[in-house]
Participant: 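Sharing a structure with you now.
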Amino acid sequence: MQLIQNLKQATANAIQAIYQVQIKPEQVLVNETKPEIEGDFTIVLFAFVKQLGKSPEELGNALGEAVKNSMPGLITDFNIVKGFLNFTISDQFWLDFIQAADTNQLITPTADPRKIMVEYSSPNTNKPLHLGHLRNNFLGWSIAEILKLQGNEVVKTCIVNDRGIHICKSMIAWQLFANGATPATTGQKGDHFVGDYYVKYNDAYKAEVEQLIASGRTKDDAEKEAPIQQAAQAMLLKWEQGDAETIDLWKRMNEWVYGGFEVTYKKIGSDFFKTYYESNTYLLGKDLVDQGLAKKVFYQKEDSSVWIDLTSDGLDEKIVRRKDGTSVYITQDIGLAELKQKEFNTDASIYVVGDEQNYHFKVLKLICQKLQLPAADGIYHLSYGMVELPTGKMKSREGTVVDADDLVDGMVQIAKEKTESLGKVDDFTAEQLQKLYDTIGLGALKFFLLRVDPKKKMIFNPEESIDFHGFTGPFIQYTHARIKSILRKTGTAVHSIGSDLLPLEKALSMKLASFSAVVNEAAEALDPSKLAIYTFDLAKLFNSFYAELSIANAESEDKKNLRIQLGILTAATLKQAMHALGIEVPEQM
RNA sequence: GGUUCGGUAGCUCAGCUGGAUAGAGCGUCAUCCUUCUAAGAUGAGGGCCAUUGGUUCGAAUCCAAUCCGAAUCACCA
């Protein structure tokens with residue numbers, strides 16, 4: 001908030017004027033004053049007490065007087081408690097803010113907008129999306145929206161992992177066990193259909209390995225010799241050689257999966273400006289290996305494999321090209337980073353990827369820097385923690401995952417039951433009702449996954465349903481709907497809003513005024529949870545305000561106008577903040 | 001073993017660029033709908049901020065060590 005900046009500057013100026021000591025404004029610590037104490041903003045004096053050798057009382061009085069005088073009309077009073085200098089801001093300042101606030105321009109855009117790529121989602125085409133993907137999708141989408149809100153240009157991309165041994169596993173299992181069944185013949189969603197064959201593969205593989213061990217093989221040998229495993233390997237080779245039949249099957253099965261993904265993405269609201277397919281990008285980066293060799297960033301071993309030595313950076317030696325000349329994962333990623341940079345010329349590229357790949361991205365950035373690629377310094381890994389079950393990690397292979405579609409449908413169902421039991425939307429059409437259930441169910445889920453610090457792992461217990469009360473999406477949605485309901489009755493015409501504020505009116509005004517700063521913080525930290533917490537605080541504050549003060553039957557016309565305007569602003573702020581979290585807010589619920 | 005991340009109320013989490021008496025939500029208990037939406041509000045109870053030491057006027061926050069948990073250190077992606 002500009003006001004805080006001004007306070008810092010004024011304090012620094014005062015110290016300079018009174019004590020002839022240079023202080024940078026950033027060195028001045030300004031907090032919101034604790035509720036029990038009189039005042040709005042507090043300057044912590046201790047640091048200066050020591051530096052200037054004055055008592056807190058003396059210093060506080062001198063600074064308080066000087067700062068107050070330098071901001072006439074703005075600061076009405078100050079007091080000193082222990083080492084804290086508390087300033088009271090004039091009601092008029094907040095009233096001016098409320099009066100001038102524009103619901104279409106709640107945020108001051110950043111002074112230096114950037115072009116930023118956000119890559120997220122990154123699904124595999126051998127199985128449906130699960131809870132972990134949901135956290136990724138919600139985070140990626142929200143980060144992109146927050147950056148946009150701040151005034152940046154954002155390019156959302158997705159890299160689809162559509163090739164490799166894991167895809168071949170589903171394909172082999174389909175050939176072996178499906179008898180020609182398709183999603184159309186079974187009526188199953190395509191991604192689930194294919195995912196089932198991935199699980200069938202692993203069941204068959206496990207059985208074969210057990211049998212081989214029983215017949216006397218060692219575990220290692222059995223795992224290598226299992227026929228279904230060898231068949232998958234052979235299929236991968238055929239795929240790479242471009243075998244027509246294999247490519248055909250691959251395309252067909254991937255299409256089934258994409259059909260399923262499209263439904264899920266549409267439902268959860270993920271979208272991408274550009275989708276990259278690994279089958280097109282997995283050969284990228286080969287020429288960069290040669291360049292790296294020429295630049296002596298890489299070196300070749302006797303078996304002709306190519307490596308980079310990162311031991312001086314505290315990491316290991318890392319292979320970038322196999323002895324057979326094929327490239328590895330990191331090489332593809334370097335190549336893709338270069339390609340993306342060429343296509344979009346972004347200032348920064350954010351990869352929303354789980355924290356299990358922290359090491360990989362550290363290496364990726366380092367190698368790109370050593371190769372002096374233009375993309376290098378803009379690479380940022382937004383590392384988020386895994387979603388785990390009380391029983392431990394989710395494993396697709398073993399079928400111990402919380403399926404994304406099931407989870408979303410379950411949430412919508414709960415929203416439906418809850419809404420029906422409350423009976424507040426009897427005038428809705430069937431279509432409106434369904435939309436409302438989707439909005440609330442999905443809102444609860446998204447908020448649940450976004451309200452915690454992205455980098456922390458989280459535990460999800462499928463036995464306990466996600467709450468609709470308290471620090472939740474529906475609570476915020478409800479508050480919005482409640483405000484809208486009130487405004488429908490009072491109207492929204494506002495003229496004079498008076499000249500004084502009650503404590504709750506003031507608290508709400510201050511909270512509203514800090515929205516822009518919170519968006520900047522969330523953008524800076526790439527952390528939507530900061531916005532989630534803000535929406536909750538704001539909604540809670542409004543609800544206290546609502547419980548205490550009447551809007552429609554306010555004590556005066558000015559007060560009524562003021563509170564209507566506060567309602568309008570709160571609703572608009574909640575709506576915009578929630579939108580940046582990917583959550584819609586209903587007009588009525 | 002190396003590296004990185006985490007450990008705050010019964011549970012889920014804020015707070016971490018050092019500042020006033022450590023905060024929410026859920027759950028528990030109590031109060032409030034003849035007045036604007038009770039998916040709400042108000043209050044009570046609940047804490048050796050993993051442990052120990054250090055720096056400081058001041059430490060949940062910074063530093064060190066220890067304990068516990070996770071990820072990673074693949075010619076998988």
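Predicted model, so just to flag it, every value in this text is computed and none were measured. Side-chain atoms are counted along with the backbone in the values below, which use heavy atoms only and exclude waters and symmetry mates. The sequence lines fix the lettering, A, B, ..., with proteins before strands; numbering per chain opens at 1.
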Participant: C36(B) P sits how many Å from Phe545(A) CZ, rounded?
Facilitator: 16 Å

Participant: Does Gln27(A) reach the main-chain N or O of Lys24(A) with its side chain, forming a donor-acceptor pair under 3.5 Å?
Facilitator: yes

Participant: With side-chain contact (heavy atoms from CB on, under 4.5 Å) as the test, pick out the partner of Phe298(A) among Leu288(A), Asp290(A), Leu293(A).
Facilitator: Leu293(A)

Participant: Flag the pair Arg563(A) and Glu555(A) as a salt bridge only when some basic side-chain nitrogen lies within less than 4.0 angstrom of an acidic carboxylate oxygen.
Facilitator: yes

Participant: Report the nucleotide, chosen from A70(B), U56(B), A41(B), that has the shortest atom-to-atom distance to any side-chain atom of Lys50(A).
Facilitator: U56(B)

Participant: Counting any heavy atom closer than 4.0 Å, what does Glu587(A) reach on the DNA or RNA strands: base, sugar-phosphate only, or nothing?
Facilitator: base

Participant: For Asn358(A) and for Ala552(A), locate the closest nucleotide of RNA chain B by heavy-atom distance; then report the residue assigned to the nucleotide nearer the 5' terminus.
Facilitator: Asn358(A)

Participant: Round to a whole Å and report the spacing from OH of Tyr546(A) to P of G40(B).
Facilitator: 13 Å

Participant: Determine whether more than 12 heavy atoms belonging to other residues, nucleotides or ligands lie under 6.0 Å from atom NZ of Lys301(A).
Facilitator: yes

Participant: Tell me, please, which residues at least two apart from Ser327(A) pass side chain to side chain donor-acceptor pair (under 3.5 Å).
Facilitator: none

Participant: Distances under 3.5 Å only, N/O to N/O: pair up the protein atoms with those of nucleotides 73-77 of chain B.
Facilitator:
residue : atom : partner   : partner atom : Å
C73(B)  : O2'  : Asp316(A) : OD1          : 3.4
C73(B)  : O2'  : Asp316(A) : OD2          : 2.8
C75(B)  : N4   : Asp303(A) : OD2          : 3.4
C76(B)  : OP2  : Arg322(A) : NE           : 3.4
C76(B)  : OP2  : Arg322(A) : NH2          : 3.4
A77(B)  : O3'  : Glu278(A) : OE1          : 2.7
A77(B)  : O3'  : Glu278(A) : OE2          : 2.5
A77(B)  : O2'  : Asn161(A) : ND2          : 2.3

Participant: Please state the C1' separation for the pair G53(B) and A14(B) - nearest whole angstrom.
Facilitator: 28 Å

Participant: Looking only at atom C1', what distance separates G58(B) and A20(B), rounded to whole Å?
Facilitator: 11 Å

Participant: What is the distance, to the nearest angstrom, from the CD1 atom on Ile533(A) to the C1' atom on G15(B)?
Facilitator: 9 Å

Participant: Between C36(B), A14(B), A70(B), which one does the side chain of Lys456(A) approach most closely?
Facilitator: A14(B)

Participant: Salt-bridged, Glu119(A) to Lys340(A), with N to O below 4.0 Å?
Facilitator: yes

Participant: Phe448(A) CZ to C11(B) P: how many Å, rounded?
Facilitator: 16 Å

Participant: Would you say CD of Glu548(A) has more than 12 non-hydrogen atoms from neighbouring residues, nucleotides or ligands within 6.0 angstrom?
Facilitator: no

Participant: Which whole-number value in Å describes the distance from Leu382(A) CG to C5(B) P?
Facilitator: 16 Å

Participant: Could you label the plane-to-plane angle of the Phe460(A) and Phe448(A) rings as parallel, tilted or perpendicular, counting under 30° as parallel and over 60° as perpendicular?
Facilitator: perpendicular

Participant: Give me, pair by pair, the N or O atoms of the protein and of nucleotides 20-30 of chain B that are less than 3.5 Å apart, along with how far apart they are.
Facilitator:
residue : atom : partner   : partner atom : Å
A20(B)  : N6   : Thr42(A)  : OG1          : 2.8
A20(B)  : N6   : Asn86(A)  : OD1          : 3.2
G25(B)  : O2'  : Phe471(A) : N            : 3.2

Participant: Roughly how many Å apart are C11(B) and U28(B), using the C1' atom of each and rounding to a whole number?
Facilitator: 12 Å

Participant: What closest approach, in Å, do Ile476(A) and Ala539(A) show between heavy atoms, and which atom pair accounts for it?
Facilitator: CD1-CB, 4.2 Å

Participant: Expressed in angstrom and rounded to an integer, what is the separation of Leu549(A) atom CG from C36(B) atom C1'?
Facilitator: 12 Å

Participant: Work out how far the P atom of C63(B) is from that of U3(B), and round it to whole angstrom.
Facilitator: 15 Å

Participant: Picking from U42(B), C36(B), G6(B), which would you name as closest to the side chain of Ser544(A)?
Facilitator: U42(B)

Participant: If the P atom of U52(B) is compared with that of C67(B), how far apart are they to the nearest Å?
Facilitator: 15 Å

Participant: Starting from P on U37(B), measure out to CD1 on Ile476(A) and report it in whole angstrom.
Facilitator: 19 Å

Participant: Under a 4.0 Å N-O cut-off, is there an ion pair linking Asp537(A) with Lys511(A)?
Facilitator: yes

Participant: Could you tell me which non-hydrogen atom of Ala226(A) sits nearest to which non-hydrogen atom of Val209(A), and how far apart they are?
Facilitator: CB-CG2, 4.1 Å

Participant: Closer to the 5' end of RNA chain B via nearest nucleotide, is it Asp527(A) or Thr419(A)?
Facilitator: Asp527(A)

Participant: Quantified in whole Å, what is the P atom distance between nucleotide C26(B) and nucleotide U72(B)?
Facilitator: 36 Å

Participant: Give me the distance, rounded to whole Å, that separates G19(B) from U4(B) when you measure between the P atoms they each carry.
Facilitator: 25 Å

Participant: For Asn561(A), give me all partners under side chain to side chain donor-acceptor pair (under 3.5 Å), at least two apart in sequence or on another chain.
Facilitator: none

Participant: Do any N or O atoms from the side chain of Ser304(A) and from the backbone of Gln300(A) form a donor-acceptor pair under 3.5 angstrom?
Facilitator: no

Participant: In whole angstrom, what separates Phe468(A)'s CZ from A38(B)'s C1'?
Facilitator: 17 Å

Participant: Note every stem involving RNA chain B: at least three consecutive Watson-Crick or G-U wobble pairs, i with j then i+1 with j-1, with both distances under 3.5 Å.
Facilitator: B:1-7 with B:67-73, B:10-13 with B:23-26, B:28-32 with B:40-44, B:50-54 with B:62-66

Participant: Here's one to test your reading of the geometry: is the NZ or CZ of Arg135(A) within 45 degrees of the ring axis of Tyr384(A) and under 6.0 Å from its centre?
Facilitator: no

Participant: Using the glycosidic torsion, which applies to C33(B): syn (within 90° of 0) or anti (everything else)?
Facilitator: syn

Participant: Determine, for Phe536(A) and Arg451(A), whether the Lys NZ or Arg CZ falls below 6.0 Å from the six-membered ring centre while staying within 45 degrees of the axis.
Facilitator: no

Participant: Measuring centre to centre across the rings, with the benzene-like ring taken for any Trp, is Tyr282(A) within less than 6.0 Å of Trp239(A)?
Facilitator: yes

Participant: For nucleotides G6(B) and A24(B), find the distance between their P atoms and express it as a whole number of Å.
Facilitator: 25 Å

Participant: Considering only side-chain heavy atoms of Lys530(A), which listed nucleotide, A38(B), C36(B), G15(B), is closest?
Facilitator: G15(B)

Participant: With a 4.0 Å heavy-atom cut-off, tell me which residues in residues 480-487 of chain A come close to RNA chain B, sorted by residue number.
Facilitator: Ala481(A), Arg482(A), Ser485(A), Ile486(A)

